[in-house]
Amino acid sequence: MAAKRVFEAWKGSNKFVFGGRLIFGPDARSLGFTLLLIILPIIIFCVFVGRHLRHEFSSYNAGYAILVVAILFNIYVLVLLFLTSSRDPGIIPRNLHPPEEEFRYDPSVSMDVGGRQTPSLQFPRFKELMVNGHPVKVKYCDTCMLYRPPRCSHCSICNNCVERFDHHCPWVGQCIGMRNYRYFFMFVSSATILCIYVFSFSAFYIKVLMDREGTVWKAMKESPASVILMAYCFISLWFVGGLTGFHLYLIGTNQTTYENFRYRSDDRINVYNRGCLNNFLEVFCTQVKPSRNNFRALVQEEVPRTHAPVTAREPESALGGNTRSKVEDDLDIGEDLLKISQRRNIEEIDEDIRSRGSNGPPHNIISDIDSVLGSGRAPTIRSEARHSSWGRSGSWEIGQEILGSSNVSERSYVASREARQ
């Protein structure tokens, strides 16, 4: 089975064409409607207006420049639209796993796992970073499993985290972010200039016809296409012209559309504002960072993470110096030893030892009993384990070599007791 490429296994909602060379948003179909709104008026202008203005400027055939400028400028707007909608806006690649270094245990919140109450594994929702000497909180994204960089946001339409996220534009069918914001502003501002250009020469042609026909109504009747174009450009100017002015304000104050709409009512310092001139230079005179994604690369097989086993260090055995394989063994022995050490007299201890059967208690219990008898105080039981398995197993997991040595210890203990009596 051939290995997949990144764009074929992409988890976002983007659409790829030409083998992953171009990336669009999920609403890329709206791009066709935008193209129609740009191309159709220019065709009408060239056929019904510009063609009749060729001979109005006799010197050096200047009238032909009206058609040439309209066509070339329209192509320029379309190129900017293509650069805005078909390139990576600044998508941050997703992590395969959450960052392990950020995990922490919260002892106040516990969860029941296998009948045991264990501390719940928590993950901080926010981190604090310093930006230009001011603290800025960044949020953890559950979908992308990463802490978003400053000014980054997760687009719910494209399902990606985008650096310096401005907004998702349905007219271009793409997110507007760090890598395509410059082209988006140039597209909107160029479309505004194109509207002014078409409106101006359509009004000029009405003026020419009015001088010829005598009245403005006859001129408008002579060229209804000019009237339609003027109305269309006037309405479009309210949209693209207003958008251009709004983004000029955002660039001058170093804001994004998302930040302006979300934090406009908050009295907070804009830590990214470096002055009007520097803000414009940052947008138009800095090099666009390369994409963090290679959509045509082969998908790397995910290697399962191997977690280092958590082991508890145990005291060396008196017999062989080897640590025990299970922490629960020492806990079971320790609990029993604590019960024995709290007995009131020697007879109860002896009865307890004989009640264990022929195998006898383990060696470390007998040695601890001797220390209890000699010191008169209970031993201290230490273990790094959280729970005991005594209640579940009901038996002692002790090796045969320990059982053998414990019989010897029992006999020596009985002999010493008889000598004392």
Side-chain angles (χ1 to χ4, degrees), residues 12-14 24-28 30-31 33-34 37 80-81 84-85 87-92 125-129 131-132 134-144 146-192 235-276 278-284 286 288-289:
S13 304
N14 304 89
F24 296 91
D27 50 351
S30 61
L31 188 61
F33 182 67
T34 305
L37 292 177
L80 291 174
L81 175 61
T84 303
S85 60
R87 65 185 293 140
D88 178 7
I91 299 173
I92 300 179
R125 303 299 303 166
F126 296 90
K127 285 179 63 176
E128 196 170 81
L129 302 178
V131 177
N132 297 329
H134 297 275
V136 175
K137 285 186 177 181
V138 294
K139 188 178 180 181
Y140 178 76
C141 179
D142 294 307
T143 304
C144 300
L146 52 84
Y147 281 99
R148 303 168 187 165
R151 315 191 85 178
C152 172
S153 184
H154 189 90
C155 177
S156 59
I157 299 176
C158 293
N159 197 21
N160 297 311
C161 278
V162 180
E163 286 189 274
R164 201 186 184 277
F165 177 77
D166 191 86
H167 69 288
H168 183 93
C169 182
W171 297 99
V172 302
Q174 182 64 281
C175 287
I176 307 302
M178 183 186 65
R179 299 191 67 250
N180 64 349
Y181 179 78
R182 177 187 305 176
Y183 302 107
F184 170 77
F185 176 79
M186 294 173 66
F187 161 70
V188 173
S189 57
S190 299
T192 302
I235 296 173
S236 299
L237 275 174
W238 283 100
F239 176 70
V240 293
L243 203 58
T244 301
F246 176 65
H247 280 279
L248 282 173
Y249 163 74
L250 293 179
I251 296 173
T253 56
N254 206 331
Q255 298 183 67
T256 64
T257 303
Y258 178 79
E259 293 169 349
N260 181 267
F261 277 84
R262 182 171 182 178
Y263 306 120
R264 64 169 59 182
S265 59
D266 298 344
D267 186 15
R268 48 191 293 170
I269 300 175
N270 184 2
V271 299
Y272 309 104
N273 190 358
R274 302 189 301 167
C276 183
N278 290 328
N279 293 336
F280 272 90
L281 293 176
E282 179 182 338
V283 173
F284 297 106
T286 56
V288 178
K289 294 182 179 180

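Side-chain N or O atoms of Ser13 include none that pairs as donor or acceptor with a backbone N or O of Asn159 at under 3.5 Å. For the pair Arg274 (side chain) and Asn279 (backbone), a donor-acceptor distance under 3.5 Å is absent. With hydrogens and angles ignored, the 3.5 Å screen pairs a side-chain donor or acceptor of Asn180 with a backbone N or O of Cys175. Remark: the backbone N or O of Lys289 is paired with a side-chain donor or acceptor of Arg179 at under 3.5 angstrom. The closest donor-acceptor contact from the side chain of Asn14 to the backbone of Gly12 lies at 3.5 Å or more, if one exists at all. Side chain of Ser190 to backbone of Phe187: no donor-acceptor contact under 3.5 angstrom is found. The backbone N or O of Thr256 sits nowhere less than 3.5 Å from a side-chain atom of Asn260 that would complete a donor-acceptor pair.
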So Phe165 and His154, side-chain contact (heavy atoms from CB on, under 4.5 Å) or not? Walk me through it. CA-CA 8 Å; Phe165 177 77; His154 189 90; over 6 Å; no
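Between the side chains of Asn254 and Glu282, at least one donor N or O sits under 3.5 Å from an acceptor N or O. If you check the side chains of Thr253 and Asn273, you find no donor sitting under 3.5 Å from an acceptor.
Ring to ring, His247 and Phe184 are close: their centroids are under 6.0 angstrom apart.
In this view, Phe185 and Phe284 satisfy the ring-ring contact (aromatic ring centres under 6.0 Å, His included) rule, not counting sequence neighbours. The ring-ring contact (aromatic ring centres under 6.0 Å, His included) search around Phe239 returns Trp171, not counting sequence neighbours.
Around CZ of Phe280, the count of heavy atoms belonging to other residues, nucleotides or ligands within 6.0 Å exceeds 12.
Note that the NE2 atom of His168 and the CD atom of Gln174 stand 7.0 Å from one another [nearest 0.5 Å].
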